[in-house]
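Have a look at the structure below, then the notes.
Note that these values count all heavy atoms, side chains included, but never hydrogens, waters or copies made by symmetry.
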Amino acid sequence: MTAQRRLGPSSANTRSVVLDMVRSGGTVTRTELAERSGLTPTSITRIVKSLLEDGLVVETGFSESTGGKRSSLLELNTTGRFAVGVSLDAGRLTYVVTDLAGSVIGRLVSPGIEQAGPSDDVVRISRELGQLLVQLEITLESVVGVGVAGAGLDLGAGAERLSLTATEWESFALNKALEPRIGLPVVRDNDAACAALGQYWAGRIPATQDFATLYMSNGFGLGLMVGGSIARGASSNVGEIGHLVVDIDGPECWCGARGCLEILAAPRAVVAAALEDGELADQLGLSGDPHRFRADFEAIARAAAQGEARCCALIQRSARYVAAAVLSIVNVLDLDRLVLAGPGFADAGAIYVREIREQVARYARTRTIHPVIVELADPGLDAAAGGAATLALQHALTPHAAWSGPSFRVSGMMES
């Protein structure tokens with residue numbers, strides 16, 4: 001494959017790919033960049049010069065001598081730019097600021113978005129975001145943009161909001177409302193996709209390695225990284241693992257199917273099962289309030305992590321369904337890495353990891369060919385917000401990977 005075909009005809013895309021190689025490589029030389037990209041040394045020298053001038057890359061010493069002149073080592077200038085990520089969640093609003101490497105350098109947590117409508121919350125988001133930047137002494141000029149992670153489908157014009165927890169947020173044009181208030185570009189994606197993108201960027205994972213992130217909050221989502229880009233699908237809605245059927249004779253799901261993973265294993269299902277045991281519900285202080293099911297689930301998960309037998313059984317049941325769904329995904333996509341992320345895994349994530357590892361190791365079709373690494377994101381609560389900041393970094397700095405199709409998602413809408 002020629003460099004032109006691999007990198008694309010655009011000089012901006014070429015520069016974008018080279019910067020991504022520096023990101024994933026840690027420290028690299030110009031010679032290594034030329035070899036990996038297929039570009040000429042002259043082209044690499046020109047691109048690196050522009051990256052150095054823009055403060056995106058720095059020289060950090062020299063490689064070991066092989067008999068000739070030692071080569072300069074290049075790496076990301078992590079403090080050259082910053083990005084903000086926001087996770088929209090009913091339980092909490094999480095803001096993070098990351099450096100160019102995707103490392104979190106500051107965070108702010110405030111009450112969730114459950115009560116107020118988008119118009120009211122946008123005012124609060126802009127105020128709290130500004131406060132965080134002031135606290136960190138970061139200027140707007142050094143921030144490349146704001147990424148926002150939230151649940152729900154990517155909705156086209158006139159699409160029905162098919163969601164158990166449908167709100168105005170799913171179709172709210174957040175970028176148009178927020179950008180004028182903060183003076184920064186805003187991009188948006190679903191929380192699972194953001195969590196996967198954050199793992200890719202901060203973990204210095206190369207574009208050649210595909211993997212998936214399973215995200216649990218109110219429900220489930222799957223973010224799939226393929227070739228350094230988020231897999232999108234025909235309507236930009238890849239990853240609806242919550243509606244993968246794991247029991248064809250199971251209870252009816254709100255989506256219309258039966259036995260979906262979400263209706264059997266999501267936090268609401270775990271809480272509903274716990275409430276059937278009055279003694280356990282009283283012991284844990286479960287509210288039974290449908291608007292507070294997340295707090296109830298967290299109480300169950302904490303008790304399970306501490307060894308309470310009935311809670312362990314409830315979480316284990318959920319984990320078995322999740323593992324069955326993951327096994328199907330692993331077999332279909334031939335994955336070798338899966339990351340669990342999101343607030344749903346914060347307390348009892350180890351139980352889910354153990355069950356998934358056992359089922360995949362025992363039943364995956366490719367188990368004799370390669371192992372499947374299953375790991376818990378760290379820190380799980382920052383996964384979506386940190387990934388949202390990465391979304392902003394990718395759109396601003398490596399646009400070749402921000403969208404692999406003819407258009408890209410901005411604030412839940414499709415724009416050319």
For Ala384 and Tyr215, which heavy atoms make the closest approach, and how far apart are they? CB-OH, 3.2 Å
Nearest heavy-atom pair of Leu76 and Val58: which atoms, and what distance? O-CG2, 4.1 Å
CG/Leu376 to CG/Leu214 distance, rounded to the nearest 0.5 angstrom? 10.5 Å
Distance col, row Asp189:CG vs Thr390:OG1, nearest 0.5 angstrom, shows 12.0 Å
Could you check whether any side-chain heavy atom of Phe82 comes within less than 4.5 Å of a side-chain heavy atom of Leu133, counting everything from C-beta outward? no
Please check if the side chain of Arg30 supplies one atom and the backbone of Ile44 the other of a donor-acceptor pair under 3.5 Å. no
Keeping the roles fixed (side chain from Arg107, backbone from Val96), state whether a donor-acceptor pair exists under 3.5 Å. no
Using 0.5 Å steps for rounding, measure from the CD atom of Glu375 to the OG1 atom of Thr213. 9.0 Å
Using the rule given for salt bridge (Lys or Arg N to Asp or Glu O under 4.0 Å), can you reason through Glu298 versus Arg292, listing the C-alpha separation, both sets of side-chain angles and the distance that settles it, and then say yes or no? CA-CA 10 Å; Glu298 289 168 3; Arg292 298 189 58 202; over 6 Å; no
Would you check if Val122 and Arg181 make a side-chain contact, meaning some heavy-atom pair closer than 4.5 Å? yes
Please report the shortest heavy-atom distance between Gln199 and Val339, naming the atom on each side. CD-CG1, 3.8 Å
Would you compute the distance between atom OG of Ser87 and atom CG of Asp191 and round it to the nearest 0.5 angstrom? 6.5 Å
Any heavy-atom pair between the side chains of Val144 and Gln394 that's under 4.5 Å? no
About how many Å separate CG of Asp296 and CG of Leu286, when rounded to the nearest 0.5 Å? 4.5 Å
Side chains of Gln359 and Glu355, donor plus acceptor under 3.5 Å: yes
Using modelled atom types only, decide if a donor and an acceptor are shared between the side chain of Asp54 and the backbone of Leu56 within a distance under 3.5 Å. no
Check the pair Val322, Met216 against side chain to side chain contact (heavy atoms under 4.5 Å, CB included), reporting the backbone distance first and the verdict last. CA-CA 10 Å; Val322 172; Met216 180 164 69; 5.6 Å; no
Please name all residues satisfying side-chain hydrogen bond (donor to acceptor under 3.5 Å, both in side chains) with Ser126, sequence neighbours left out, ordered by chain then number. none
Non-hydrogen side-chain atoms of Val372 and Arg337 separated by less than 4.5 Å: no
Are any of the side-chain heavy atoms of Asn77 and Val57 separated by less than 4.5 Å? no
Closer than 3.5 angstrom, by distance alone: can the side chain of Trp201 be matched with the main-chain N or O of Leu100 as a donor-acceptor pair? yes
Value rounded to 0.5 Å, distance of CG in Asn13 from CG in Asp20: 11.5 Å
May I ask you to test the Arg92-Pro343 pair for a side-chain heavy-atom distance under 4.5 Å? yes
Find out whether Arg23 and Leu19 are in side-chain contact, i.e. whether some heavy atom of one side chain is under 4.5 Å from a heavy atom of the other. no
Worked check of side chain to side chain contact (heavy atoms under 4.5 Å, CB included) between Trp254 and His243: CA-CA 10 Å; Trp254 53 265; His243 298 284; 3.3 Å; yes
Sort out for me which residue in Leu335, Val330, Leu340 forms a side chain to side chain contact (heavy atoms under 4.5 Å, CB included) with Val374. Leu340
CA sep, side-chain torsions, deciding dist, call: Leu338, Leu222, side chain to side chain contact (heavy atoms under 4.5 Å, CB included): CA-CA 10 Å; Leu338 179 82; Leu222 189 79; 4.3 Å; yes
Give me the atom names and distance for the closest heavy-atom approach of Tyr352 to Ser318. OH-OG, 2.8 Å
So which atom in Gly387 and which in Leu197 form the shortest heavy-atom distance, rounded to 0.1 Å? O-CD2, 4.3 Å
side-chain hydrogen bond (donor to acceptor under 3.5 Å, both in side chains) partners of Ser217, counting only residues at least two apart: Asp89, Arg294
Between His291 and Asp289, the two heavy atoms sitting closest are N-OD1, 2.9 Å
Within the side chain of Asn175, is there an N or O that forms a donor-acceptor pair under 3.5 Å with the backbone of Val186? no
Considering only residues two or more places apart or on different chains, which pairs with a residue in residues 122-149 satisfy salt bridge (charged side-chain N to carboxylate O under 4.0 Å, His left out)? Asp121-Arg124, Arg124-Glu128
Is the closest side-chain heavy-atom distance between Asp334 and Asp210 below 4.5 Å? no
Starting from the C-alpha separation in whole Å, work towards a yes-or-no answer on side chain to side chain contact (heavy atoms under 4.5 Å, CB included) for Ile138 and Ile105. CA-CA 11 Å; Ile138 292 175; Ile105 61 172; 3.7 Å; yes
Say whether, by atom type as modelled, one donor and one acceptor occur between the side chain of Glu308 and the main chain of Cys311 under 3.5 angstrom. yes
Given 3.5 Å as the limit, does a donor-acceptor pair link the side chain of Ser37 with the main chain of Leu33, or not? yes
